[in-house]
Amino acid sequence: MNRSRLMAIGAITVTSLLWGTTGTAATFAPDAGPLAIGAAALGIGGLLQALIAIPALKASRGQLRSNWRLVGLGAAAVAIYPLAFYSSMHLAGVALGSVVSLASAPLASGVLEWLAHRSPLSRWWLWAASLGVSGSTLLCLSKMTHDTGDAASTLAGIALGLVAGATYATYSWCAQRLMSQGINRAAAMGSIFGVGGALLLPVLFLTGAPLVANPQAFAVASYMALIPMFIGYLLFGYGLSKVSASTATTITLSEPAVAAILAVVVVEERLSTMGWIGLGIIGLALTVLAVAPANTVTRVEVGPQRVNSGAVANKPSGGNAQGVPACTQHLDHFPIDS
């Protein structure tokens, strides 16, 4: 493993640890609804991303204009994600909402890359998907059995968690695709998160009054926007410029474990034996996703060298922001053969 890839993995791992605190932090502002929390966290955080990226955005405005569909899709996903994510935790609980949202993200990412690049999904990935669905089912059954009166809320929270996972995978993929087109990392992240943050401002305006009602709620909102979202996404953007979207979303799957542990220790949520078994199965699924590529590997000839190719069969020509030829993009699972 080369040094830049190791640093990227480290950056995304730190990001996932920061993100894992958000659900528990939100409970310290009980009068603020999930829409207000989500809009403040990623709305303000997204605009800060754009603010520090202004020079890069100006330099890349022509490329961004040419890729406006990717920017628009990514921004829409950024705007939907926090609203679905925090609503999921509000309805289903911090542990279940975060696990469903984040455990579904790498599965959604694998499907998205398959749809976009038409590369077949590997048996390992399908096995991991089956394990993930089985574990999530046990976790959901555990929650509904324990809280029989909240079955409807739990099911709604699970559905919103799946929406959160899909939108998380979508904006990660869009940002990575912009970088693979040669767009600077800061410009790619700043454009998607800046537009997404702007889309969240009306929601924040309509729902955000409780966040400034007292010092504790304001501190929660400030923490969410500045630490997990702003700093977290700076680190995530760095990592995403070095590894594929499916790899990045897989690494961040340490977040559900952090969130679940904090929910049990701090929020005093409870998981039954069935729930812990489900969480363990999800952990096994994440391990499989971490050690196996999301897509089937084939061999292609490129000049004098042979490279392993997964989701890159239909990549456009050109290079990425680091000057890496397009034929080697998304190959972070596999080293180039000499």
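All of these numbers come straight from a predicted model, not from anything done at the bench. We use all heavy atoms of the structure for the numbers below, so side chains are in, but hydrogens, waters and symmetry mates are not.
- The heavy-atom pair separating L47 from G194 by the smallest distance is CD2-O, 3.6 Å.
- With hydrogens and angles ignored, the 3.5 Å screen pairs a side-chain donor or acceptor of T167 with a backbone N or O of A164.
- Side-chain atoms of Q49 never come within 3.5 Å of backbone atoms of M189 as a donor-acceptor pair (strictly under, hydrogens ignored).
- For the atom pair CD1 (I158) and OG (S104), the distance works out to 11.0 Å, reported to the nearest 0.5 Å.
- Crowding of Y223 atom OH: a count of heavy atoms from other residues, nucleotides or ligands under 6.0 Å exceeding 12.
- In this structure, S153 contributes its side chain and L91 its backbone to no donor-acceptor pair below 3.5 Å.
- A donor-acceptor contact shorter than 3.5 Å links the side chain of S241 to the backbone of Y238.
- Hydrophobic clustering (side-chain heavy atoms under 4.5 Å, transitive across Ile, Leu, Val, Met, Phe, Trp, Tyr) groups F193 together with L226.
- Under the 4.5 Å side-chain contact rule for hydrophobic residues, L35 and F205 do not share a cluster.
- T22 contributes a side-chain N or O that, together with a main-chain N or O of W19, makes up a donor-acceptor pair within less than 3.5 Å.
- Placement of F230 and I44 within a single hydrophobic cluster is found when ILVMFWY residues are connected by side-chain heavy-atom separations under 4.5 Å, directly or transitively.
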Problem set entry | T27 and V266: CA distance, side-chain angles, deciding distance, side-chain contact (heavy atoms from CB on, under 4.5 Å) verdict | CA-CA 10 Å; T27 64; V266 179; 5.7 Å; no

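- Across all their heavy atoms, V78 and G196 have their closest contact at CG1-CA, 3.9 Å.
- Rounding to the nearest 0.5 angstrom, the gap separating the CG atom in N67 from the CG atom in L73 is 12.0 Å.
- Distance check: L199 CG to I80 CD1 gives 9.0 Å after rounding to the nearest 0.5 Å.
- No continuous path of hydrophobic side-chain contacts links L64 to W68 [ILVMFWY only; heavy atoms under 4.5 Å].
- Closest heavy-atom contact between I37 and A29: CD1-CB, 4.3 Å.
- The two atoms that bring A188 and L178 nearest to each other are CB-CB, 3.8 Å, heavy atoms only.
- When hydrophobic clusters are built by joining Ile, Leu, Val, Met, Phe, Trp and Tyr residues whose side-chain heavy atoms come closer than 4.5 Å, directly or via intermediates, L262 is grouped together with V220.
- Taken from CE in M224 to CG in L42, the straight-line distance is 10.0 Å, to the nearest 0.5 Å.
- If you take CH2 on W173 and CD on Q176, they are separated by 9.5 Å, rounding to the nearest 0.5 Å.
- Residue I12 holds its CD1 atom at 6.0 Å from CZ of F236, rounded to the nearest 0.5 Å.
- A32 and L211 make their closest contact through CB-CD2, 3.5 Å (heavy atoms, listed as atom of the first residue, atom of the second, distance).
- Aromatic pair Y171/Y168: centroids less than 6.0 angstrom apart.
- A8 approaches K242 most closely through the heavy-atom pair CB-CB, 3.5 Å.
- Within the 3.5 Å criterion, the main-chain N or O of A84 finds no donor-acceptor partner in the side chain of S88.
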For this session: Start with the C-alpha distance between L234 and I52, add both sets of side-chain angles, then the distance that settles side-chain contact (heavy atoms from CB on, under 4.5 Å), and finish with yes or no.
Result: CA-CA 10 Å; L234 284 179; I52 66 168; 3.3 Å; yes

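- No side-chain heavy atom of V14 sits under 4.5 Å from any side-chain heavy atom of I231.
- Residues V163 and L83 form no side-chain contact, since every pair of their non-hydrogen atoms from C-beta on lies 4.5 Å or further apart.
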